[in-house]
Amino acid sequence: IVAVSIAADGKTGAIIEVNSETDFVAKNDEFLQLTKDCVELIASKNPADIAALSALPMGGGTVESTRTALVGKIGENLSVRRFARVEAKGKLMSYIHGGAKIGVLLDLVGGDEQLGKDLAMHIAASKPKALDASGVPAELLDVERRIAIEKARADNKPEAMLEKIAEGTVQKYLKEVTLLAQVFVKAEDGKQTVEQLLKAKSASVAGFTLYIVGEGMEKRSNDFAAEVAA
């Protein structure tokens, strides 16, 4: 599950992903409490990494001893996968979606509470990879460029046009995956971008963190026969 904690002043916050083996355990009150306590510790104590978080005091022991005891009680492994701590330039807003499967922490400069909520919800729905083009990893752009060239060659496009076609594909991709270029999900005209919305509200986004549970983890094989054979 994903959880978020924001200090009362709205300036300091944290987001965490804690994994269980089954959805059933993810609804367990003690598991939920452990996740909540961990994310609050991250916001207040600023541990450098998961090892530092694990060593922090919790309930008469440490985070790690609390986690280990809960693993023994539930009979299922629980692990802190990742976390991020943010000191905002503006004010932090958050949104949790899909039974804590998606979490957003947003640093909004200017604007109001409603704008912050709307943008955090937009990020959860549209899943941008970066704020703008400068934040998109070069390897992702290389993949898009390569696929576009291969497709253009397969369509017998002239070699001289391949680079132009690839560049057009990359620009289209950037509009889809960068927050500022995305069309705002609640845009009444279906055209207004997030950047245009922010400009209209005299606001800006200093940054955001989007966690999707299990993102990037290899999906476990469901081939039972192969598992048994192994």
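Predicted model only: the values in this text are computed from it and were never measured. Side chains included, hydrogens not; waters and symmetry mates left out as well; all remaining heavy atoms used.
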Donor-acceptor pair, side chain of Glu87 and main chain of Thr12, under 3.5 angstrom: no

With a 4.5 Å cut-off on side-chain heavy atoms, are Leu105 and Ile6 touching? yes

Output yes when Glu40 and Lys36 qualify as a salt bridge under the 4.0 Å nitrogen-oxygen rule, no when they do not. yes

Any link between Leu179 and Tyr173 through a network of hydrophobic side chains (Ile, Leu, Val, Met, Phe, Trp, Tyr) touching at under 4.5 Å? no

So, Glu113 and Lys117, do they make that salt bridge, N to O below 4.0 Å? no

Whether the side chain of Asp155 engages the backbone of Lys157 through a donor-acceptor N/O pair (distance < 3.5 Å, no angle test) should be reported. no

Taking side chain as C-beta onward, heavy atoms only, is Pro128 less than 4.5 Å from Ile123? yes

Minimum heavy-atom distance between Ala120 and Tyr95, given as atom pair plus value: CB-CB, 3.6 Å

Between the side chain of Arg85 and the main-chain N/O of Ala43, is any donor-acceptor distance below 3.5 Å? yes

Please check: side-chain N/O of Glu76 versus main-chain N/O of Thr22, any donor-acceptor pairing under 3.5 Å? yes

Partner of Leu131 under side chain to side chain contact (heavy atoms under 4.5 Å, CB included), chosen from Leu180, Thr178, Asp107: Leu180

To check you understand the geometry: which heavy-atom pair defines the closest contact between Ile96 and Ala100, and what is its length? CG2-CA, 3.5 Å

How many angstroms lie between atom CG of Leu198 and atom CZ of Phe184, to the nearest 0.5 angstrom? 9.0 Å

For Val25 and Ser20, which heavy atoms make the closest approach, and how far apart are they? CG1-CB, 3.8 Å

Side chain proximity check, Gln114 to Lys201, heavy atoms < 4.5 angstrom: no

Assess whether side chain to side chain contact (heavy atoms under 4.5 Å, CB included) is satisfied between Cys38 and Val63, documenting all intermediate values. CA-CA 7 Å; Cys38 281; Val63 170; 3.8 Å; yes

From CA spacing to verdict: side chain to side chain contact (heavy atoms under 4.5 Å, CB included), Phe31, Val18: CA-CA 9 Å; Phe31 174 68; Val18 183; 3.6 Å; yes

Considering all heavy atoms of both residues, which atom of Ser94 and which atom of Val4 are nearest to each other, and what is their separation? CB-CG1, 3.6 Å

Going only through I, L, V, M, F, W and Y residues with side-chain contacts under 4.5 Å, is there a path from Ile147 to Val170? no

Worked check of side chain to side chain contact (heavy atoms under 4.5 Å, CB included) between Lys91 and Asp9: CA-CA 8 Å; Lys91 189 174 181 185; Asp9 63 1; over 6 Å; no

Heavy-atom closest pair (Lys11 atom, Gly90 atom, distance to 0.1 Å) is NZ-O, 2.8 Å

For Asp112 and Met93, the nearest pair of non-hydrogen atoms, with its separation, is O-CE, 4.1 Å

Should Leu115 and Leu210 be counted in the same cluster of Ile, Leu, Val, Met, Phe, Trp and Tyr side chains packed under 4.5 Å apart? yes

Got a second to check how far Leu53's CG is from Asn46's CG, nearest 0.5 Å? 11.0 Å

Joint hydrophobic cluster, Val80 plus Leu41, side-chain heavy atoms closer than 4.5 Å: yes

ILVMFWY cluster, Leu56 and Met58 together (side-chain gap under 4.5 Å): yes

For Asp23, I'd like to know if atom CG has over 12 heavy atoms of other residues, nucleotides or ligands within 6.0 Å. no

Identify the residue among Leu108, Val104, Val185 that makes a side chain to side chain contact (heavy atoms under 4.5 Å, CB included) with Leu119. Leu108

Any side-chain to backbone donor/acceptor pair from Arg81 onto Asn19? Under 3.5 Å, distance only. no

Is it true that Glu64 and Arg67 make a salt bridge, defined as a side-chain N closer than 4.0 Å to a carboxylate O? yes

Could you check whether Asp142 pairs with Arg146 (Lys NZ or Arg NE/NH1/NH2 to Asp/Glu carboxylate O, under 4.0 Å)? no

Worked verdict on Gln33 versus Asp37 for side chain to side chain donor-acceptor pair (under 3.5 Å): CA-CA 6 Å; Gln33 189 62 49; Asp37 292 344; 2.9 Å; yes

Checking the side chain of Glu17 only, and the main-chain atoms of Gly214 only, is there a donor and an acceptor separated by less than 3.5 Å? yes

With heavy-atom distances below 4.5 Å as the criterion, would you say the side chains of Phe83 and Ile50 are in contact? yes

